[in-house]
Protein chains: 2
Amino acid sequence: MQYTLKQLRYLVAVAEYGSVSVAARSLFISQPALSAAIAQLENSLGLPLLIRHHARGISVTPAGRQFLARARGLLGHANELELLGRELGDSVRGELIVGCFMTLTPFFVPKLLKNLHQSHPELRVQLAEGALDQVQAALLAGETEIGLVYDIDLDHQLATEELTRVRPHVLVASNHRLATHSAVSLSALATDPMILLDLPHSRDYFRSLFLDAGAEPIIRHRTQSFELVRGLVGQGHGYSVLNLQPHSNRTYDGGRVRCIPIEDPTTDLAIAIARPRDLQLTHRAAAFSTVCRRFFADG
Amino acid sequence: MQYTLKQLRYLVAVAEYGSVSVAARSLFISQPALSAAIAQLENSLGLPLLIRHHARGISVTPAGRQFLARARGLLGHANELELLGRELGDSVRGELIVGCFMTLTPFFVPKLLKNLHQSHPELRVQLAEGALDQVQAALLAGETEIGLVYDIDLDHQLATEELTRVRPHVLVASNHRLATHSAVSLSALATDPMILLDLPHSRDYFRSLFLDAGAEPIIRHRTQSFELVRGLVGQGHGYSVLNLQPHSNRTYDGGRVRCIPIEDPTTDLAIAIARPRDLQLTHRAAAFSTVCRRFFADG
DNA sequence: ATTTTGTATTAATTTTTTTTATGCAATATA
DNA sequence: TATATTGCATAAAAAAAATTAATACAAAAT
């Protein structure tokens, strides 16, 4: 059998007090318990550590002295690890890996991290961006501890907490025939070509919007890039349906687009925090979650 | 309660196999035992380490991953300590602290260390010279592991092993009236002044020699230095009785001395290895002891 | 010689660890 | 859609380990 940390702690105490019984008292255990533990340690190492004197305590053998020095080192190391463990659980500092759905990232993460840094300056966030299914897989695999996602069709093992809802809108070029309308119905676009933001769960959501409105889009282009959707729309390749809306109506390549509300009743999309259902959040993750809630509550 | 090394080892295995049950098999323990150990570790740290998946093993939480990395480090450290412990017991290398009676040292230690180095090149000896009672105290206090001593009146707690015996002789200046005698009786020196090598146990031994011969020395000088005894004798301050005899008859200051056998029946003095009685020798100390025996057996 | 001191030993007890058996929830399979 | 399988958790029982109380023992102090 191998030695235990407890045995080492006992040994250190005995060496410090120069006496088994005094050490036992200070450790709040009985003298025989301590005696036995030391004897066991000596046996497991095959190395005598103490010289027993009668009626005058013990002294440490030369080999024991060398061993003791290193044993103290190990105990120090063990204490550090314990502290780390507690800190990983208790404190709001160190590293937090956050999964984030790639479309959401540029809209919210910059300000979010700013807020987070104000509340918890010692917390370092590392982002893991990806499509919804990637964010989800990372959460389940324990690669990330918490994620910022659209709450569409997520795995049952993930718990979500809604932060806000975003309404879908139609995006057209500023010179589109409907650009000046204050609202459009999806069926009014039935003959126009559509640019689809084609990401795992998103695509199903967009499809469901049309189904609910009794329409069927003609898909001209599919892309996974939000900005490419805007660019294509801006250059008149077709319209699109999106939920988020950048501050500027200019696309990267200078095109102009316009957002138009949808007339049909639509299902809004929930932006949410996701996390493994039955895993207690660390304080770090909880802090992130709180900051997110505050951020969206304040608009 | 604090965590244990065993729990850490278990955790590492589980993380490595990605499964509690597979790890349990590889550790030759039952799955519930492992399950419980991990749960206990998590509780003691207040930190969830694993995400349990149904029917598909476990994964490690992000915090768990950080903890795990350090835990591996600690286990490595613990193994090193175990190795050190075994080596301190088993191997003939590293450091050995040898107590040595100061009078004996210059006569034997240089060659002894040479022999020792030949047999055990990795063994480093550190000498702790002193009077007999100091050597003895160091042994009992565990400061030295083994000692080279005269076997006079040693503590009962020390075990000795005789290496050789040395006969006492009379030392006189080369121009002393008895210098040419082939042997002298101690009573023949009754009127001469004596130079006493005055060291704790030695002094009693010398006195006993005279008592046994029915004589009483007139002590003119006392000193703790062997060479000063010789010097004083060489300059005609008196005679002395000693057991060891350097190769040269010249003293440090150029005086000449002569050794004369003692006619009376004398008690020879035993040179011996001493060690704490009920302390098993380390291999290092045993090696030293063996080399000593061989050295004195070969003359 | 007697008491005191401090460790070792023994047997009994308590605590902890481990096992066997079973439950439960999700996944894989038919 | 039901059924079997997988893999972790839980419960009760058993085994092992740690601890204690009582005592023996040897040396030191008185």
Side-chain angles (χ1 to χ4, degrees), chain A residues 1-11 13-15 17-44 48-61 137 140-142 154-158 276-279, chain B residues 1-11 13-15 17-44 48-61 64 136-137 140-142 154-158 276-279:
Chain A
M1 235 210 32
Q2 238 217 354
Y3 67 83
T4 68
L5 289 176
K6 191 187 275 183
Q7 286 167 358
L8 296 187
R9 274 188 280 271
Y10 283 3
L11 175 67
V14 169
Y17 288 103
S19 153
V20 176
S21 23
V22 176
R25 246 166 281 148
S26 89
L27 291 166
F28 302 105
I29 61 170
S30 71
Q31 171 267 315
L34 189 46
S35 216
I38 301 285
Q40 216 171 320
L41 178 59
E42 287 179 310
N43 284 334
S44 88
L49 296 167
L50 303 182
I51 302 177
R52 279 80 170 168
H53 303 292
H54 296 270
R56 284 207 297 168
I58 54 88
S59 47
V60 183
T61 63
L140 291 175
L154 293 180
D155 191 294
H156 176 62
Q157 285 186 64
L158 295 181
R277 177 173 299 285
D278 34 38
L279 185 62
Chain B
M1 237 213 27
Q2 235 218 359
Y3 67 83
T4 69
L5 289 176
K6 191 187 273 183
Q7 287 166 357
L8 296 186
R9 274 189 280 270
Y10 283 2
L11 175 68
V14 170
Y17 288 104
S19 153
V20 176
S21 22
V22 177
R25 245 167 281 147
S26 89
L27 290 166
F28 301 107
I29 60 168
S30 72
Q31 171 264 313
L34 189 45
S35 218
I38 301 285
Q40 214 170 322
L41 179 59
E42 287 179 310
N43 283 337
S44 88
L49 296 167
L50 303 182
I51 303 177
R52 280 80 169 167
H53 304 292
H54 295 269
R56 283 206 298 168
I58 54 87
S59 45
V60 183
T61 62
Q136 181 171 273
L140 291 175
L154 292 180
D155 192 293
H156 176 62
Q157 286 186 67
L158 295 180
R277 177 173 299 286
D278 35 37
L279 185 62

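These values consider heavy atoms only, across backbone and side chains, with no hydrogens, waters or symmetry-generated copies.
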Please examine the side chains of A:Ile29 and A:Tyr10, heavy atoms only from C-beta on, and report whether any two atoms are closer than 4.5 Å.
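With C-beta onward as the side chain, the pair touches.
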Quick one: are A:Arg277 and A:His156 in side-chain contact, heavy atoms under 4.5 Å?
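In contact.
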My understanding is that only residues two or more places apart in sequence, or in another chain, count here; which of them pass salt bridge (charged side-chain N to carboxylate O under 4.0 Å, His left out) with A:Arg52?
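Salt bridge (charged side-chain N to carboxylate O under 4.0 Å, His left out) list for A:Arg52, sorted by chain: A:Glu42.
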Return the CD to CD1 distance between B:Gln7 and B:Ile38, rounded to the nearest 0.5 Å.
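Interatomic distance, B:Gln7 CD to B:Ile38 CD1, rounded to 0.5 Å: 8.0 Å.
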Between atom CG of B:Leu279 and atom CG of A:Leu50, what is the distance when rounded to the nearest 0.5 Å?
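CG of A:Leu50 is found 9.5 Å from CG of B:Leu279.
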Identify the 5'-most and 3'-most nucleotides of DNA chain C with at least one atom closer than 4.0 Å to a non-hydrogen atom of chain A.
C:dT5 to C:dT27
Nearest heavy-atom neighbours spanning B:Thr61 and B:Pro48:
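Nearest heavy atoms, B:Thr61 then B:Pro48: OG1-O, 3.0 Å.
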So, for B:Ile51 and A:Gly142, which heavy atoms are closest and what is the spacing to 0.1 Å?
CD1-CA, 3.6 Å
Base, sugar-phosphate, or nothing: which does A:Tyr10 touch, judged by heavy atoms less than 4.0 Å apart?
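Sugar-phosphate, no base atom in range.
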Taking any heavy-atom pair under 4.0 Å as a contact, classify B:Gln7: base, sugar-phosphate, or nothing.
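Touches nothing.
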CA sep, side-chain torsions, deciding dist, call: A:Val20, A:Ile58, side-chain contact (heavy atoms from CB on, under 4.5 Å):
CA-CA 7 Å; A:Val20 176; A:Ile58 54 88; 4.1 Å; yes
DNA chain D: B:Ser19 or A:Ala36, which has the more 5' nearest nucleotide?
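Result: B:Ser19.
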With B for base contact, S for sugar-phosphate-only contact and - for none (protein heavy atoms under 4.0 Å), nucleotides 21-30 of chain D reads BB---SBS--
Measure from [atom1] on [X] to [atom2] on [N] and round the result to the nearest Å.
{"X": "A:Asn43", "N": "D:dA18", "atom1": "CG", "atom2": "P", "result": "12 Å"}
{"X": "B:Leu50", "N": "D:dC8", "atom1": "CG", "atom2": "P", "result": "9 Å"}
{"X": "B:Ile29", "N": "D:dA15", "atom1": "CD1", "atom2": "P", "result": "18 Å"}

Has A:Lys6 got a side-chain N or O lying under 4.0 Å from the OP1 or OP2 atom of D:dT19?
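Answer is yes, contact under 4.0 Å.
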